[in-house]
Amino acid sequence: MSRRDLYELYGERVQLRVIYKREAHPTEGWDMGSEHRLRDPQSMRERRAVAGRCETTLQYGIHTCVDEMDDPVMTAYAAWPERLYLVDENGVIAYAGGPGPYEFSPAELKQAIDDLLG
């Protein structure tokens, strides 16, 4: 189960979003040496550009939003390095996944969506 799978299953019924926040593996930080090496953006313009490239490269169909430079969304949702959430129509968190990458489980999110949709 992947984010792309979730989009294909629920894209018409659930608003799926990716929030691009601080770069997890910047070249000047914890560099993983991948083929898509990035430096940590230093402005909103740079952050939006990187988020756009990620959205295009990953091609999972989910719209990407961009957190502010002081990372209020990342901080509020303890979303470092990555995390899945389901927020219901009343703004209540219906599912809070564990921190990624080891507790990042799109399959658990799928079950939570199924439970919420009935």
Side-chain angles (χ1 to χ4, degrees):
M1 176 65 47
S2 69
R3 285 177 278 198
R4 181 177 294 132
D5 296 331
L6 292 171
Y7 181 76
E8 290 173 6
L9 287 169
Y10 304 108
E12 298 294 320
R13 298 182 291 160
V14 176
Q15 291 184 31
L16 298 167
R17 298 288 181 265
V18 169
I19 309 298
Y20 182 84
K21 59 200 176 353
R22 183 170 306 279
E23 186 58 40
H25 301 288
T27 55
E28 70 277 16
W30 188 23
D31 186 4
M32 299 295 286
S34 75
E35 64 182 90
H36 302 290
R37 300 175 73 207
L38 301 168
R39 66 181 202 72
D40 197 23
Q42 299 301 301
S43 69
M44 281 304 294
R45 183 177 184 173
E46 288 179 8
R47 194 176 267 197
R48 286 186 192 107
V50 171
R53 287 195 310 268
C54 289
E55 182 178 62
T56 300
T57 300
L58 294 173
Q59 298 181 1
Y60 44 55
I62 302 170
H63 179 72
T64 300
C65 300
V66 181
D67 201 2
E68 297 292 331
M69 293 305 293
D70 60 346
D71 304 306
V73 175
M74 181 183 79
T75 302
Y77 286 88
W80 183 262
E82 60 186 351
R83 195 164 257 189
L84 295 170
Y85 281 90
L86 176 62
V87 180
D88 72 14
E89 64 275 359
N90 297 313
V92 175
I93 295 173
Y95 168 80
Y102 302 110
E103 295 180 48
F104 187 87
S105 177
E108 283 184 10
L109 177 56
K110 179 191 181 305
Q111 183 61 57
I113 292 170
D114 288 342
D115 293 346
L116 186 67
L117 294 177

Kindly say whether Ser2 contributes a backbone atom to a donor-acceptor pair with the side chain of Asp5 at under 3.5 angstrom? yes
Salt bridge (Lys or Arg N to Asp or Glu O under 4.0 Å) partners for Arg3, two or more places apart: none
Given side chains that start at C-beta, do those of Val87 and Val92 come closer than 4.5 Å, heavy atoms only? no
Atom of Val18, atom of Ile62 and distance for their closest heavy-atom approach: N-CG2, 3.7 Å
Test item: Leu6 and Lys110 side chains (from C-beta on) under 4.5 Å apart, heavy atoms: yes
Ignoring hydrogens and angles, tell me if any N or O in the side chain of Asp88 forms a donor-acceptor pair with the backbone of Gly91 under 3.5 Å. yes
I want to check something: taking the side chain as every heavy atom from C-beta on, are Arg83 and Glu103 in contact at a cut-off of under 4.5 Å? no
Got Arg4 and Tyr7 here, is their nearest side-chain heavy-atom distance under 4.5 Å? no
Flag the pair Asp67 / Tyr20 as yes when at least one side-chain heavy-atom distance between them is below 4.5 Å, and no otherwise. no
Answer yes or no: is there a side-chain heavy-atom contact under 4.5 Å between Arg47 and Gln42? no
For a 4.5 angstrom cut-off between non-hydrogen side-chain atoms, does Tyr77 reach Tyr85? yes
Heavy-atom check, side chain of Arg53 versus side chain of Thr56, under 4.5 Å: no
